[in-house]
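Everything on this sheet refers to the single structure shown next.
Here the structure is a predicted model, which is why all the values come from computation and not from measurement. Only this structure's heavy atoms are used, side chains among them; waters, hydrogens and symmetry mates stay out.
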Amino acid sequence: MKIVIADASLIVHRPAFELGLAPGTAISWHRSWDDPGVLSALRDADVFVGPRLTKAMGAGANRLRLIHTAGAGFDGIEPEALNTEAVCANTFHHEGSIAEYVATVLVALRRDLIAQDAALRKGKWHSSVYRRGLPQPKTLRGAVVTFLGFGHIGAASWKLLQSFGAEGIAVTRTGSVAAKAHGLRGAGSNEDLLTALSDSDALVISTPLTPETAGIIGATQLDALGPEGLLVNVARGPVVQEKALYSALKHHRIAGAAIDVWYRYPGPGGVGKSSTLPFESLDNVIMTPHSSAVTEETFRGRSQEIIENINRLAAGQPVRNVEMTGPSCSAAEPAS
């Protein structure tokens with residue numbers, strides 16, 4: 001069996017792959033799906049592991065039986081790239097790392113740590129102890145947090161924030177979350193979002209990007225969150241309207257945001273602006289490069305699950321976490 005792995009995040013776990021796969025398995029390693037050599041390596045490959053598979057890549061890969069992403073998203077896999085025998089599977093293991101990120105940035109924003117750090121670097125003590133008129137920062141105890149999306153990430157984030165004494169509201173597409181069972185203050189569907197935001201101190205976004213959720217957070221929703229409200233986006237950038245978010249932050253219609261997912265992504269070398277708008281000029285935003293899930297813990301778990309799926313394929317057993325099948329390639333509905 002030949003495996004093509006084209007994901008830089010998995011290279012650090014190369015020893016685990018080489019130990020975990022059956023003897024005689026050949027692995028072709030690449031840092032990116034578009035690296036030179038990937039196309040030729042795919043011609044006789046049985047398995048491709050990577051974030052993108054285009055129709056052109058799949059055209060010469062007639063032996064492919066498994067396409068595996070090293071994450072939950074499979075929007076980079078073009079359905080036309082799968083032959084009639086191929087399946088596409090995904091993996092998670094990121095919810096713990098992202099939940100830790102969500103808690104960290106909410107504490108930082110709620111406690112005004114950005115302003116304190118920036119001021120002290122200039123010799124100014126940004127604290128109510130030393131400067132009259134500054135309010136005392138708030139903890140997360142008693143803060144009401146709305147979760148837009150309550151799948152793996154939302155539930156894990158809520159479990160962690162619950163330990164801080166926060167209160168939670170889950171908003172999902174179907175509104176099927178049982179609030180009492182999760183210890184939530186309330187739950188509802190997307191139609192209840194404005195009401196939830198008007199009662200909230202923070203919004204955590206982890207809903208999948210779909211035609212229904214694209215731009216679901218705009219000026220109206222941000223205004224409902226209010227001038228003391230905080231936003232954390234770990235879903236996809238376009239779930240939040242770009243201009244509306246920038247304007248709300250710039251004019252302090254919301255207090256602050258942590259943005260981990262963006263509107264533009266870099267080219268080779270990891271250099272490039274994250275937006276056409278100057279978010280970097282704002283003093284009330286934490287900007288991170290889609291790194292909330294990028295931890296050793298996340299990719300150790302993902303690597304192990306990918307190894308297990310490849311071994312299942314080799315043994316003729318059903319592959320787990322299948323999201324697409326050829327030739328029709330109809331995707332399974334993402335969890336909300």
ILVMFWY cluster, [X] and [Y] together (side-chain gap under 4.5 Å):
X	Y	answer
Val145	Ile286	yes
Tyr101	Phe164	yes
Leu282	Leu203	yes
Val102	Ile114	yes
Met287	Leu113	no

**OP:** Determine whether more than 12 heavy atoms belonging to other residues, nucleotides or ligands lie under 6.0 Å from atom CZ of Arg111.
**Re:** no
Original post:
Is it the case that more than 12 heavy atoms not belonging to Lys250 sit under 6.0 Å from its NZ atom?
Top reply: no
**OP:** Apply side-chain hydrogen bond (donor to acceptor under 3.5 Å, both in side chains) to Thr295 and Thr298, showing your working.
**Re:** CA-CA 5 Å; Thr295 66; Thr298 295; 3.0 Å; yes
Subject >> side-chain hydrogen bond (donor to acceptor under 3.5 Å, both in side chains) evaluation trace for Ser275 with Arg264 >> reply: CA-CA 5 Å; Ser275 171; Arg264 296 172 64 181; over 6 Å; no
Original post:
When you look at Glu305 and Arg320, which way does the salt bridge (charged side-chain N to carboxylate O under 4.0 Å, His left out) test go after all the steps?
Top reply: CA-CA 9 Å; Glu305 191 159 60; Arg320 293 172 177 158; over 6 Å; no
Subject >> Lys2 bridged to Asp46 by N-O distance under 4.0 Å >> reply: no
Original post:
Is any NZ, NE, NH1 or NH2 atom of the basic residue among Glu18 and Arg14 found under 4.0 Å from an Asp or Glu carboxylate oxygen of the other?
Top reply: yes
**OP:** Ignoring hydrogens and angles, tell me if any N or O in the side chain of Asn90 forms a donor-acceptor pair with the backbone of Thr69 under 3.5 Å.
**Re:** no
**OP:** Taking the six-membered ring for Trp and the full ring for Phe, Tyr or His, determine whether the centres of Trp29 and Phe17 are under 6.0 Å apart.
**Re:** yes
**OP:** Run the ring-centre check on Tyr265 versus His290 and record whether the distance is less than 6.0 Å.
**Re:** yes
Original post:
Which class fits the ring pair His152 and His94: parallel under 30°, tilted 30 to 60°, perpendicular over 60°?
Top reply: tilted
Original post:
Between Phe150 and His182, what is the ring plane arrangement, given parallel below 30°, perpendicular above 60°, and tilted in between?
Top reply: perpendicular
**OP:** Take Glu228 and Lys138 through the salt bridge (charged side-chain N to carboxylate O under 4.0 Å, His left out) test and state the conclusion after the steps.
**Re:** CA-CA 11 Å; Glu228 294 186 359; Lys138 297 176 181 178; 3.4 Å; yes
Original post:
Out of Leu66, Leu313, Leu21, which residue meets the side-chain contact (heavy atoms from CB on, under 4.5 Å) rule with Met1?
Top reply: Leu313
**OP:** Tell me, with the steps shown, if Lys55 and Glu80 meet salt bridge (charged side-chain N to carboxylate O under 4.0 Å, His left out).
**Re:** CA-CA 6 Å; Lys55 184 178 179 180; Glu80 297 82 7; over 6 Å; no
